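What follows is a single structure, written as structure tokens, with notes after it.
This chain uses plain numbering: 1 for the first residue, then up along the sequence. Nothing here was measured: the structure is a model prediction, and the numbers come from that model.
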Amino acid sequence: VCLPSHPSPDTTLTLVTAEAEAVFEAARAAGVPVVDPPQQLALVFDRAATARVLATMPRSLGDTNIATGAPATATLTTLHPEEVAKALAGAGVTLPCLLKPRAACGTPAAHGFALLWTLDAAPEARVELPAIAQAFVPHDGRVHKVYVFGDVVLIATRRSLPNPQTVVTHAVRTAQPVQSFDALRD
């Protein structure tokens, strides 16, 4: 996966390689059903593009009380504190915030996240650039992944970061103004 060093925040990264396209075309030509061709996955490969789409969604699902939406999101091309401060302010992102690589898959670094408590600590974050910064939304230490297959909806729940009160106690106790972690392992 090759990423531009300074992609525009309002464009979608091209994360689908010619090799991947060729594999999918060969599968299709051989009669293998291709559920998600690379072109349709491009949006979910880029976290900034996904956040832009989610920001346009209604704040609830139909006539239900189920809240939807996305946290405020800023695009980062550097971890220099002053530049991070400008990007966060421009997008309405407050601290603490979660730093994530823009590329959502394709490299081991795609799952390298950081929880940022102070702007001065931004350079210490182990996050591949370009990245996004998202407001940290309390979620009781659980993430719900929703998968839709035609008329079938599956919801998988998995462990995640605890709410800020718990994390603040840890950050203060360990004097860690930024906590980097692997989202698949930690």
Minimal non-hydrogen separation, Ala51 against Gln134, with atom names: CB-NE2, 4.2 Å

Sidechain-backbone polar pair: Thr157 side chain, Ile155 backbone, donor-acceptor under 3.5 Å: no

Side chain to side chain, Phe113 and Leu115, heavy atoms closer than 4.5 Å: no

Residues in side chain to side chain contact (heavy atoms under 4.5 Å, CB included) contact with Ala91, at least two apart in sequence or another chain: Ala74, Val93

Distance, nearest 0.5 Å, that separates CD of Glu83 from CG of Leu88: 11.0 Å

Ile132 reachable from Leu95 in the ILVMFWY side-chain graph, under 4.5 Å edges: no

Heavy-atom side-chain contact between Leu54 and Thr73 under 4.5 Å: no

Non-hydrogen side-chain atoms of Val127 and Leu76 separated by less than 4.5 Å: no

Nearest heavy atoms of Arg102 and Ala48, plus distance in Å: NE-CB, 3.4 Å

Between NZ on residue Lys86 and OG1 on residue Thr78, distance to nearest 0.5 Å: 10.5 Å

Closest non-hydrogen atom pair, Leu79 against Ala125: CD1-O, 3.7 Å

Arg158 side-chain N/O to Arg142 backbone N/O, donor-acceptor pair under 3.5 Å: no

Smallest separation among heavy atoms of Leu116 and Ala121, with atom names: CD1-C, 3.9 Å

Side-chain donor or acceptor of Arg126 paired with backbone N/O of Ala114 under 3.5 Å: no

Path from Val148 to Leu154 over hydrophobic side-chain contacts below 4.5 Å: no

Atom pair CG (Leu129) and OG1 (Thr75), whose distance is rounded to the nearest 0.5 Å: 11.5 Å

For Glu128 against Ala109, the heavy-atom pair lying closest together: OE2-CB, 3.3 Å

Minimum heavy-atom distance between Ala103 and Ala110, given as atom pair plus value: O-CB, 3.3 Å

